Student: 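One structure, pasted below without further comment.
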Amino acid sequence: MLDRKVVKEFLEENFKESGMKIPKGIKKSELVETFCLYVEDDYYEWIKDNFKSFFNRWNPNWDWIRERIEHYLED
């Protein structure tokens, strides 16, 4: 779940940089919540796809996974 406060700040910053303004009749809190839900839906699909890829479509290459673990632990 996304941190709504962080997303609110992100949206405010990006609206300011882009010059966009929220039209009358749209509450900032509702815009933030709707954007978060939109991103979370996409995030769930993205993480499912990455799971399939990482675990080679349910046929994991454990040697490759060990290499990935070592790679990320080095950083």
Side-chain angles (χ1 to χ4, degrees):
M1 178 172 259
L2 296 173
D3 182 324
R4 273 36 182 178
K5 182 180 176 192
V6 171
V7 171
K8 179 183 176 200
E9 292 170 3
F10 171 83
L11 290 176
E12 288 172 344
E13 188 176 298
N14 280 274
F15 268 71
K16 184 178 179 181
E17 287 178 12
S18 68
M20 294 190 311
K21 296 188 185 301
I22 301 171
K24 291 183 181 181
I26 295 179
K27 294 179 183 177
K28 187 184 291 186
S29 61
E30 293 175 350
L31 179 62
V32 168
E33 182 63 21
T34 300
F35 183 76
C36 285
L37 294 172
Y38 174 82
V39 170
E40 288 168 350
D41 283 347
D42 188 54
Y43 177 76
Y44 183 71
E45 291 303 316
W46 172 80
I47 203 165
K48 283 187 339 187
D49 288 343
N50 277 279
F51 178 87
K52 291 174 191 173
S53 174
F54 188 85
F55 292 102
N56 195 29
R57 306 264 186 243
W58 304 276
N59 186 20
N61 178 338
W62 291 109
D63 291 333
W64 180 84
I65 292 172
R66 281 186 188 92
E67 290 173 9
R68 295 288 83 205
I69 292 170
E70 289 176 17
H71 170 77
Y72 286 108
L73 289 177
E74 288 175 2
D75 290 343

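Because the structure is a prediction, the values reported are computed rather than measured. Hydrogens, waters and symmetry mates are skipped; everything else that's a heavy atom, side chains included, is used.
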Student: Are V6 and Y38 linked, directly or through intermediate hydrophobic residues, by side-chain heavy-atom contacts shorter than 4.5 Å (ILVMFWY only)?
Tutor: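 In one cluster with Y38: V6, no.
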Student: Should E13 and K16 count as an ion pair when the cut-off is N to O under 4.0 Å?
Tutor: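 Result for this pair is no, no salt bridge flagged.
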Student: Roughly how far, to the nearest 0.5 Å, is OH of Y43 from CG of N50?
Tutor: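 If I round to the nearest 0.5 Å, the distance is 9.0 Å.
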Student: If you group Ile, Leu, Val, Met, Phe, Trp and Tyr by side-chain heavy-atom gaps below 4.5 Å, do L31 and M20 land in one group?
Tutor: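 Cluster IDs for L31 and M20 match.
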Student: Is it the case that one hydrophobic cluster holds both I65 and F51, taking links as side-chain heavy atoms less than 4.5 Å apart, direct or via other members?
Tutor: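 Yes, it is one cluster - the side chains of I65 and F51 are joined through contacts under 4.5 Å.
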Student: Decide salt bridge (charged side-chain N to carboxylate O under 4.0 Å, His left out) for E40 and R4; before the verdict, give the C-alpha distance in whole Å, the side-chain angles of both, and the deciding distance to 0.1 Å.
Tutor: CA-CA 12 Å; E40 288 168 350; R4 273 36 182 178; 2.7 Å; yes
Student: Out of curiosity, I47 CD1 to E45 CD, how far, rounded to the nearest 0.5 Å?
Tutor: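 Going from the CD1 atom of I47 to the CD atom of E45 covers 11.0 Å.
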Student: For the atom pair CD (E30) and CD1 (I22), what is the distance rounded to the nearest 0.5 Å?
Tutor: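 Separation between the atoms: 11.0 Å.
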Student: Can you label the angle between the F54 ring and the W64 ring as parallel, tilted or perpendicular, going by 30° and 60°?
Tutor: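 Correct class here is perpendicular.
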Student: So, the side chain of R57 versus the backbone of F55: is there a donor-acceptor pair under 3.5 Å, distance only?
Tutor: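 Absent.
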Student: As an exercise, state the distance from CG of L2 to NZ of K8, rounded to the nearest 0.5 Å.
Tutor: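 The distance works out to 16.0 Å.
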Student: Can you check whether N14's main-chain N or O pairs, donor with acceptor, with S18's side chain at less than 3.5 Å?
Tutor: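 Indeed, once roles are kept as given, a pair shorter than 3.5 Å links the two residues.
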Student: Please say yes or no: joined through hydrophobic side-chain contacts below 4.5 Å, possibly via intermediate residues, are V32 and F10 part of one cluster?
Tutor: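 They do share one cluster, since a chain of ILVMFWY contacts under 4.5 Å joins V32 to F10.
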Student: Do V39 and W46 belong together in a cluster built from hydrophobic side chains that touch within less than 4.5 Å?
Tutor: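 Different clusters.
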